[in-house]
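To start, the structure under review is shown below, and the notes come after it.
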Amino acid sequence: MTNLRGKRVILGVTGGIACYKSADLASKLAQQGAQVDVILTSAAEQFITPTCFSAVTGRQTWTDRDMYAPDVTGAFPHIALARAADVVIIAPITANTLAKLANGLADNLLTTTVLATRAPLILAPAMETHMWEHPATQANVQTLRARGAHVVGPELGHLASGATGIGRMAEPTTLLEAIRYVLGQNGPLRGYKVLITAGATREPIDPVRFITNPSSGKMGVALAAAARDAGATTVLVHGPINVPVPYGVRTVPVTTAQEMLDAVLAEVEDTDVFIAAAAVADFRPTRQAAQKLKKDVVGPTWTLTLERTPDILGTVGHLRQEGHRPYVVVGFAAETQNLIAAAQEKLTRKGLDLIVANDITAPDAGFAVDTNRVTVIEREGTITPWPTLPKDVVAERLMVQIIDRLRKMGILKAESDDTLTSE
Ligand code: CTP
């Protein structure tokens, strides 16, 4: 499960039409195991009812009518909610509520709770373009950012007025990611850097043709999300991928194996953990044609001469053997036969701590599917087959194993505030 499990999330909803999407966000949060307390402003109630949120959160939805009703302990709702919160997100937040928060106003249950909490604050503005661009709104946003608020969006697109412009609320999936990022800030990898490669590389033959493979980048992206959730400064060096990059992850897009190696070497010096999940093309054409190759010119048959690409993981593994960082080096082994023996050979040859082996002929593992069935092999010789799991669960379990390793090496200190579990 993600770092949302068991977390107390306050979802503030203010009066904008985007609040129909907030119900989806509340549902997604609840599905990931968070306890979601929704607070509606009276303007939000013009658009959506408390019942809608209670139905998806399974909890009371708070409104201004509850403001002066103490609980059994005598605590008023804004104090009880503010104390319990791990994170507060307001989605959508109107220009009006932004202005109130920037000025410390506390005139309803939501603004009072925000003033009373120490929890981190995420704001997802949604409004007409002119309202967003107004100097007053921009100044308020700047003030809130300077105080540490995370402002996500607004995005460009269709607005309820029929216009197109900046002002759409960020999508619930992006907001969910932002919440995971913010919760991760106190995770065990806080202050550590994780570098990950993902996706396929493309090795050009001519300006319109290239050699590649079907990797989607899903496994590497899931690993980046898991590292981010654990609080790491996460950098994803990726080839062309068809999955969205997680919020809070720095990306370095590349095309060829050589570019991927250069990007990795530029990042590796201060990296603590390196994970190579990319499906790097092992060969590239010895030379790239400057112009498109014409069929009539190359003839009915044609020979393409290939050469080896650099081994990115091997290069990092050998750097580490020479006493450089990273502290932990992890590889993947995609095999079609002799899975364990071939993976063990790669672990030794590339100087790794861990290798994640998968049989890519299995329908539930490997390229472009959402699940993976892997066997994790450690340098010390342990071989652990894992069941078929969603790629994001494989990523989270792997991160737990990496964190354990860093602890055993004495690099990570005590089990202070783990936000990940292996179950
Ligand atoms: N890898 C890499 N650079 C390469 C090739 C592979 O960094 N040029 C990494 C992959 O990201 C993966 C691991 O090495 O983590 C193993 O990749 P794989 O393709 O299974 O192995 P190869 O080294 O290519 O060996 P072989 O072709 O013999 O299977």
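Just follow the structure's listing: the first ligand is 1, and inside any ligand the first atom is 1. As the structure is a computational prediction, the values presented were derived from the model and not from experiment.
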Between Glu378 and Thr382, a side-chain donor and acceptor under 3.5 Å: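 Looking only at side-chain atoms, Thr382 and Glu378 do form a donor-acceptor pair, the distance falling under 3.5 Å.
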Are side-chain N/O atoms of Thr173 and Glu177 paired as donor and acceptor at under 3.5 Å?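 The answer is no; no qualifying pair exists.
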Would you mind writing out the side-chain donor-acceptor pairs for residues 273-293 within the sub-3.5 Å range, not counting sequence neighbours?
| residue | atom | partner | partner atom | Å |
| --- | --- | --- | --- | --- |
| Arg284 | NE | Glu307 | OE2 | 3.0 |
| Thr286 | OG1 | Thr305 | O | 3.3 |

Is any side-chain heavy atom of Leu29 closer than 4.5 Å to one of Leu176? yes
Could you check whether any side-chain heavy atom of Arg59 comes within less than 4.5 Å of a side-chain heavy atom of Ser54, counting everything from C-beta outward? no
Please output the residues near ligand 1 using a strict heavy-atom distance under 4.0 Å, listed in chain and residue-number order.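 For ligand 1, the contacting residues are Ala276, Ala278, Val280, Asp282, Thr309, Pro310, Asp311, Ile312, Leu313, Gly331, Phe332, Ala333, Ala334, Lys346, Lys350.
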A quick test of your reading: do over 12 heavy atoms of other residues, nucleotides or ligands sit less than 6.0 Å from CD of Gln185? yes
